[in-house]
Amino acid sequence: MKKGLLALSPLMVFVTLYLVTSIIARDFYKVPITVAFLTASIYAIAITRGKLRRRINVFSRGAATAEMMLMIWIFILAGAFANTAKTMGAIDATVNLTLSFLPSQMLLAGLFLAACFISLSIGTSVGTIVALTPIAAGIASQTGANMAMVIAIVVGGSFFGDNLSFISDTTIIATQTQGCKTSDKFKVNSFIVAPAAFLLLIVYFYLGKDLSSPTASTDIEFLKVIPYLAVIITAIFGLNVMIVLTMGIILTGIIGISCGAYDFFGWIGAIGDGIVSMSELIVITMLAGGLLQLIKHNGGIDFIINGLTKRVNGKRGGEYTIALLVSIINLCTANNTVAIITIGGIAHKIGEQFHIDPRKCASLLDTFSCAVQGLLPYGAQVLMAAGLASINPIAIIPWLYYPMAIGIAAFLSILFRYPKRYS
């Protein structure tokens, strides 16, 4: 018991340091996560027995496994693609294209669809919120709709892509830690969350049927949306994600240069800036990998699994355990990406023990983390949306139907063993 708790103590140091200091600072983004992971990693090395060089070697093996390096390569390509597309104006073009298709008298449903499509295209909930919230706030002001409700629709829809997009951090980490393809995880996730999204679309249609739709503020540049569409379509058909992202980067270069958005050196510079933008996530991934390797080396992983599963029988209990773990870590870190990085390896071990399909395991990790993250008043997404709309973050929470819906849908997918093929 004592040995197991000692082995787990680095994880406790990380959570306590990050959580307590964030509460004291009253800002969950005041304390760099990298510093919390670095402190916990140094502590983990200090409490591990053996020569210092050997302990560091154990840490380094965990930080640079083949799976970790593959994940890092994908992060690099995803950052390069996202930034080159953004620099050439693809986000604005996608927003305008989406708004242009908003059907008359379907304002709220249309905003939800816009947030879903944009987030699926660009792979980030925060980016979607930054792009759409000012538009949504203006619509609410002009139509007299409830501001908190309209902003919550954008926040909720942004998690649709955060959960499903092939270039989302959470998707990349969930699939790599569980050893499955992004296209397979997409299929499982779609079965779970699509009914929830469709149901909410109907709800938003009735809530907003008496409001009028806006029109796109500028001309639509369909050409600039092509890289996003190409990435989504080729990834759905199962093409290797690294090939997909490389193709997307090349497309942004061809289209961006031809449209005059940048010259060749501007494109190269955008690629470099995109890679640099992923540096913190890469550092976090390596520190977390090394930290968890030391915890595993000291018997902490086995202690967690044995403690959580000694009264668990069958796949259903194993899946609930994974859901509980990622939800708790997400509550403590206010970051769904970090939550999946932190317990991805543990979830994989639990999945192996109870013969859980890796695709279902990856889907549960991503869906539960997004559901919890979407409901946190101190999460980046809600804080960003509230700041852009100049409203209290707490006012948005009761209207966040989509994060609630996917949490319930994921819970029911475990209870009723759905989808059957992956359960």
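- Closest approach of Gln178 and Cys361 over heavy atoms only: OE1-SG, 3.3 Å.
- The two atoms that bring Pro419 and Ile192 nearest to each other are CD-CG1, 4.1 Å, heavy atoms only.
- In this structure, Asn330 and Leu376 have side chains that are in contact, with non-hydrogen atoms separated by less than 4.5 Å.
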Output, in order, the C-alpha distance, side-chain angles, deciding distance and verdict of side-chain contact (heavy atoms from CB on, under 4.5 Å) for Lys360 and Arg417.
CA-CA 10 Å; Lys360 179 72 177 289; Arg417 314 301 304 129; 4.2 Å; yes
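- Taking every heavy atom of both residues into account, Leu400 and Ala152 meet most closely at CD2-O, 3.6 Å.
- Residues Pro403 and Gly156 come closest through the heavy atom pair CD-CA, 4.0 Å.
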Could you walk me through whether Leu5 and Phe303 pass side-chain contact (heavy atoms from CB on, under 4.5 Å), step by step?
CA-CA 8 Å; Leu5 289 174; Phe303 179 75; 4.0 Å; yes
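- Atoms OG1 and CG, from Thr39 and Leu291 in turn, are 11.0 Å apart once rounded to the nearest 0.5 Å.
- Contact annotation: the side chain of Phe166 never approaches that of Leu245 to less than 4.5 Å [non-hydrogen atoms, C-beta and beyond].
- Aromatic ring centroids of Phe160 and Phe117 lie 6.0 Å or more apart.
- Within the 4.5 Å cutoff, the side chain of Ile343 has heavy atoms near those of the Leu365 side chain.
- Of the possible donor and acceptor atoms, none in the side chain of Thr171 sits under 3.5 Å from a partner among the backbone N and O of Ile167.
- Looking only at distances, no side-chain donor or acceptor of Thr87 sits under 3.5 Å from a matching main-chain atom of Thr84.
- Proximity of Phe75 to Ile173: side-chain heavy atoms (C-beta onward) are separated by under 4.5 Å at one or more points.
- Contact annotation: the side chain of Thr175 never approaches that of Lys181 to less than 4.5 Å [non-hydrogen atoms, C-beta and beyond].
- The backbone N or O of Arg359 sits less than 3.5 Å from a side-chain atom of Asp357, completing a donor-acceptor pair.
- For Arg54, the CZ atom counts as loosely surrounded, since its 6.0 Å shell holds 12 or fewer non-hydrogen atoms of other residues, nucleotides or ligands.
- Atom CG in Leu292 sits 11.0 Å away from atom CG in Leu287 (nearest 0.5 Å).
- Separation of atoms OG (Ser119) and CG (Asp162) is listed at 7.5 Å; rounding is to 0.5 Å.
- The aromatic rings of Tyr18 and Phe14 sit parallel, their planes meeting at an angle under 30°, below the 60° perpendicular limit.
- Remark: the backbone N or O of Phe59 is not paired with any side-chain donor or acceptor of Gln293 at under 3.5 angstrom.
- One finds the OH atom of Tyr402 at 14.0 Å from the CD1 atom of Ile153 (value rounded to the nearest 0.5 Å).
- The closest donor-acceptor contact from the side chain of Asn163 to the backbone of Asn189 lies at 3.5 Å or more, if one exists at all.
- You'll find the side chain of Trp399 stays beyond 4.5 Å of the side chain of Val150, heavy atoms only.
- In this structure, Asn336 and Val372 have side chains that are not in contact, with every pair of non-hydrogen atoms separated by 4.5 Å or more.
- Taking both residues in full, the closest heavy atoms of Asn392 and Ala386 are given as C-CB, 4.2 Å, listed atom of the first, atom of the second, then distance.
- Considering all non-hydrogen atoms of both residues, Asn335 and Val338 come closest at OD1-N, 3.0 Å.
- Between the side chain of Thr48 and the main chain of Ala44, a donor-acceptor pair closer than 3.5 Å is present.
- Looking only at side-chain heavy atoms (C-beta outward), Ile356 and Ile322 come within less than 4.5 Å of each other.
- Checked by atom type, the side-chain pair Asp366/Thr170 shows a donor-acceptor distance below 3.5 Å.
- Classification of the Tyr418-Phe191 ring pair by plane angle, with boundaries at 30° and 60°, yields perpendicular.
- In terms of modelled atom types and a separation under 3.5 Å, the side chain of Thr182 and the main chain of Ile172 share no donor-acceptor contact.
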Checking Trp267 against Ile271 for the side-chain contact (heavy atoms from CB on, under 4.5 Å) test, could you report, in this order, the C-alpha distance in whole Å, the side-chain angles of both residues, the deciding distance, and whether it holds?
CA-CA 6 Å; Trp267 176 55; Ile271 292 175; 3.7 Å; yes
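- Between the side chain of Lys224 and the backbone N or O of Met88, at least one donor-acceptor pair lies under 3.5 Å.
- Checked by atom type, the side-chain pair His348/Glu352 shows a donor-acceptor distance below 3.5 Å.
- Using a distance-only test at 3.5 Å, with no hydrogens or angles considered, a donor-acceptor pair links the side chain of Thr177 to the main chain of Ala174.
- Within the 3.5 Å criterion, the main-chain N or O of Leu415 finds a donor-acceptor partner in the side chain of Arg316.
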I'd like to know whether Ile76 forms a side-chain contact (heavy atoms from CB on, under 4.5 Å) with Ile282, so could you lay out the CA-CA distance, the side-chain angles of the two residues, the decisive distance to 0.1 Å, and finally the verdict.
CA-CA 9 Å; Ile76 290 170; Ile282 291 170; 3.9 Å; yes
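- Interatomic distance, Leu120 CG to Ser158 OG, rounded to the nearest 0.5 Å: 12.0 Å.
- Considering CD1 of Ile406 and CD1 of Ile408, their distance stands at 10.5 Å, rounded to 0.5 Å.
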